[in-house]
Amino acid sequence: AYRGFADAAGFEAHDLSEYQSGTYEGFKGYFYNMKANSSVLHLLSPDTLTYYLPIEPATAYTYSSPAMSGGSKIAIVNTKFSSSNPYKYYCFTGGDRPLIKIESETVQNGRVLLMLKDSYGNALVPFLPDHFETVYVVDPRSFNTSSTPSFDLIDFARANGVTDILVQTNAFNAQGGLMNNISAMID
């Protein structure tokens, strides 16, 4: 996904060998942990989750609304999960967050990315600060329902100087689900 986006967005992807990486052993995934009583799922062999750290230094904050007030600093990749923590995939931005703002400390190219994603996009986030001055990561599922804040995608993009947009979702959300949330952000 990273290389495909790099090609489409007109920048050169780094080779994975350039990244500092780490692994978490014993990874079975979210579905396994939610359905752990299933005898079929207990037969699965654990996998290894590999994470890559951004090359360029960057700082990330999470917010609960597009006003971006009262944010909390977060790790782009958490490298300190306990071996007993079953949710190792949460190492990417701490899991699903409504809105994340990542500011590069070194990239100065005038490019600002708005990424709209579901949980499948979290693993892609660590690659993006190496190529953009600012990256906004938005989970559209967190907005525009009766119990969530309103988010106008076009106003947000204009107000924050967005130059590039990336939509990354799993196949099930490509129709309905996430795309309906994105449509509500534009209406």
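Not measured: the values here are computed from a predicted model. If you read the sequence from its start, that first residue is 1, and numbering goes on from there.
A heavy-atom distance below 4.5 Å is not found between the side chains of T169 and K117. Under the 4.5 Å side-chain criterion, counting only non-hydrogen atoms from C-beta, F151 is not in contact with S65. Residues L16 and R3 meet the side-chain proximity criterion, which asks for heavy atoms closer than 4.5 Å. Contact check for V77 versus T79: side-chain heavy atoms found under the 4.5 Å cut-off. A 4.5 Å side-chain heavy-atom check between H131 and L113 finds every atom pair outside the cut-off.
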Are L128 and I102 close enough, and set up right, to give a side-chain contact (heavy atoms from CB on, under 4.5 Å), and what steps lead you there?
CA-CA 9 Å; L128 304 175; I102 304 170; over 6 Å; no
Determine, step by step, whether N160 and Y136 satisfy the side chain to side chain donor-acceptor pair (under 3.5 Å) criterion, reporting the C-alpha distance in whole Å, the side-chain angles of both residues, the deciding distance to 0.1 Å, and the verdict.
CA-CA 9 Å; N160 292 287; Y136 295 99; 3.1 Å; yes
I'd like to know whether E25 forms a side chain to side chain donor-acceptor pair (under 3.5 Å) with T48, so could you lay out the CA-CA distance, the side-chain angles of the two residues, the decisive distance to 0.1 Å, and finally the verdict.
CA-CA 5 Å; E25 300 297 329; T48 299; 2.7 Å; yes
Could you go through the side-chain contact (heavy atoms from CB on, under 4.5 Å) check for L114 and V138 one step at a time?
CA-CA 7 Å; L114 173 58; V138 176; 3.6 Å; yes
Does the pair V162 and R111 meet the rule for a side-chain contact (heavy atoms from CB on, under 4.5 Å), with working shown?
CA-CA 7 Å; V162 170; R111 293 182 79 173; over 6 Å; no
Run the side-chain contact (heavy atoms from CB on, under 4.5 Å) test on Y61 and T59 for me, step by step, so that the C-alpha distance in whole Å, both residues' side-chain angles and the decisive distance to 0.1 Å come before the verdict.
CA-CA 7 Å; Y61 292 89; T59 305; 3.4 Å; yes
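To the nearest 0.5 Å, the span separating NZ on K101 from OH on Y63 amounts to 6.0 Å. Atom CD of E56 sits about 9.5 Å away from atom CD of E105, to the nearest 0.5 Å. Here N109 contributes atom CG and F11 contributes atom CZ; the two are 9.5 Å apart, rounded to the nearest 0.5 Å.
Evaluation of the side-chain hydrogen bond (donor to acceptor under 3.5 Å, both in side chains) rule for Y19 yields Y2, D130 as partners, not counting sequence neighbours.
Cluster membership check: V107 does not share its hydrophobic cluster with L53, using side-chain heavy-atom separations under 4.5 Å among Ile, Leu, Val, Met, Phe, Trp and Tyr. A continuous path of ILVMFWY side-chain contacts below 4.5 Å connects V137 to Y52, so both sit in one hydrophobic cluster.
Nearest heavy atom pair, residue N144 against residue S150, reads OD1-CA, 3.1 Å. The nearest pair of heavy atoms linking L49 to C91 is CD2-SG, 3.9 Å. Minimum heavy-atom separation, A1 to L124: C-CD1, 4.2 Å. Of all heavy-atom pairs between V112 and G161, the closest is CB-O, 3.4 Å. Minimum heavy-atom separation, P129 to P126: CD-O, 3.5 Å. In terms of heavy atoms, D118 sits closest to D96 at C-OD1, 4.3 Å.
With salt bridges taken as basic N to acidic carboxylate O contacts below 4.0 Å, none links R97 and D139.
Between the side chains of E133 and S104, no donor N or O sits under 3.5 Å from an acceptor N or O.
Remark: the backbone N or O of T134 is not paired with any side-chain donor or acceptor of E103 at under 3.5 angstrom. A donor-acceptor pair under 3.5 Å links the side-chain atoms of T62 to the main chain of L99, judged by distance alone.
Around the CD atom of E18, the shell of radius 6.0 Å holds more than 12 heavy atoms that belong to other residues, nucleotides or ligands. Other residues, nucleotides and ligands place no more than 12 heavy atoms under 6.0 Å from the CD atom of Q108. Counting heavy-atom neighbours within 6.0 Å of Q20 CD, excluding the residue itself, gives a total of 12 or less.
Aromatic rings of Y90 and F81 (six-membered ring for Trp) have centroids beyond the 6.0 Å cut-off, not under it.
No option in F27, Y24, F127, F92 other than Y24 meets the ring pair (Phe, Tyr, Trp, His ring centres under 6.0 Å) test with Y51.
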